[in-house]
Amino acid sequence: MKLWGGRFTKETNQLVHNFNASLSFDQKFYKEDIEGSIAHVTMLAKQGILSDEDKESIIKGLESIRQDIDNGTLTFTAEHEDIHSFVEAHLIERIGDAGKRLHTGRSRNDQVALDMKLYTRHEIEEMNDLLKSLLDSILRIMKENLHTIMPGFTHLQKAQPITLAHHMGAYFEMFKRDRSRLSDTLERMNYCPLGSGALAGTTYPLDREETARLLGFTGPTLNSMDSVSDRDYLIEFLNDMSIIMMHLSRFCEEIITWNTNEYQFVDIDDSYSTGSSIMPQKKNPDIAELVRGKTGRVYGALMSLLTTMKSLPLAYNKDMQEDKEFVFDAIDTTKGCIVLFHGMLDTMTFRKDRMRASAEGGFTNATDAADYLVNHGVPFRDAHGIIGQLVLYCIDKGISLGEMSLEEYKAISPVFEADIYDAISMETCVNKRNTIGAPGPEAMTKVIDSYEKYLAE
Ligand code: ARG
């Protein structure tokens, strides 16, 4: 059963076998392992290192193994050390001697480096697609809410009126950057390690350009020691996922706040909420809380792999086998969170009346009131002071700036005229902000157009 039994005289201790084995988790990339082997033997035959006959029989054998794993007739059994030994043992069992030639000019070190890259590459592409469909929904909400006024916050204190489209647009930017980070990672990692051998290449005339081409890589990696010990791309991917989770956690935190009895800015759909076993009135935002919570788990994977790789000497060391479970868990977690978050967002309803009332209530137009004075010749610093007095007056009387009479305004500054009311209406405050990136509908429409083009690319 062992790939390396030759120089040993004793059986492996059972606990050692179990501790050393990785089949329980690296079976996840059996498809990639077989895909890599098919490319390898195709190249070997082209180079005259393997006969065409052997190549054909190996490929047939590998395909039958893949099929049988796919349909469940071939199951993973614990006597095999890892996915590479598993596939090779079954190949030899099925096709005999030709199967023993599969590993010519290859080591499990470059093999596992390849498998993990193929697996990761596919997962990065899938994650990128999941983010794209999340962005489709965010853009839909933006288009529907170009004029939905809500308070914008700093320090969690009401600051200035914005629109829901503008608030959603902030997250559009974040997830757009996340997608570009994933693309960067993909571009940098897309070099093929196969043919690097254990660490020092091989003496066979392998055509590494050819295997790289067959497997869809940009080219072969250029240092065989680095090839078998590089896990940078996994750390980068974990970093990309950590940032995605950080963004999701911020969005979730806002939704949790907006969903409180105090805010009531949103209603999370029943199908995405949960209840309490004791309090009959409860409808809890568990999905948002779980996504927020799982962020820690993905950060943990990033820290774990960084720590595992710290100080590792060249080239391959078994420590690196520890990369897989962290990364697999982080991928499944992040993908799951994107999908669940997306479903929750898509079915959520926005309480436009509540958002607007909240924006009206918090002196969010105070800056615009000061700007009104500036437009009438008052220096900004003085205007700031005057409006500060107005706010104090209003707080005392329990009213908003819009509820003050013109006489009350004039008592504080004679500059105020009847057009002050229009100047500080929520609509004016928002509609006049049209610098690039601002919430004014004119500015937002241009941004939305560019997002539409971006998503159509
Ligand atoms: N299961 C191993 C891993 O994931 C495969 C490589 C084994 N190489 C070795 N020299 N023991 O890293």
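All residue numbers in this chain count up from 1 along the given sequence. Whatever order the structure lists them in is the order used to number ligands and atoms, beginning at 1.
- Between the side chains of S227 and S196, at least one donor N or O sits under 3.5 Å from an acceptor N or O.
- Given atom 11 (N) of ligand 1, the protein heavy atom at minimum distance is R108 NH2, 3.7 Å.
- For ligand 1, none of its N or O atoms has an N or O atom of E81 under 3.5 Å away.
- The distance from ligand 1 to the heavy atoms of K324 drops below 4.0 Å at these ligand atoms: 3 (C), 4 (O), 12 (O).
- Taking 4.5 Å as the limit, every side-chain heavy atom of V339 sits out of range of all side-chain heavy atoms of K335.
- Here D54 pairs with R101 in a salt bridge; the nearest charged N to carboxylate O distance falls below 4.0 Å.
- When the heavy atoms of N109, N317, L199 are ranked by distance to atom 10 (N) of ligand 1, first place goes to N109.
- For atom 1 (N) of ligand 1, the nearest protein heavy atom (residue, atom name, distance) is Q321 OE1, 2.7 Å.
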If you look only at distance, which donor and acceptor atoms sit under 3.5 Å apart when one is on a side chain in residues 202-210 and the other is two or more places apart or in another chain?
unit_1, atom_1, unit_2, atom_2, d
T202, OG1, Y204, N, 3.3
T202, OG1, Y204, O, 3.4
D207, OD1, E209, N, 3.2
D207, OD1, E210, N, 3.1
R208, NE, L194, O, 2.9
R208, NH1, T221, O, 2.9
R208, NH2, C192, O, 2.7
R208, NH2, T221, O, 3.4
R208, NH2, T221, OG1, 2.8
E210, OE1, K46, NZ, 3.4
E210, OE1, R213, NE, 3.3
E210, OE1, R213, NH2, 3.4
E210, OE2, R213, NH2, 3.1

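- Residue pairs meeting the salt bridge (charged side-chain N to carboxylate O under 4.0 Å, His left out) criterion with at least one partner in residues 188-199, sequence neighbours excluded, are R188-E236.
- Every heavy atom of M116 sits 4.0 Å or more from the atoms of ligand 1.
- For the pairing with W258, the side chain to side chain contact (heavy atoms under 4.5 Å, CB included) check across I268, D267, V266 returns one residue only, V266.
- Taking every heavy atom of Y316 and a limit of under 4.0 angstrom, the matching atoms of ligand 1 come to 2 (C), 3 (C), 6 (C), 7 (C), 8 (N), 9 (C), 10 (N), 12 (O).
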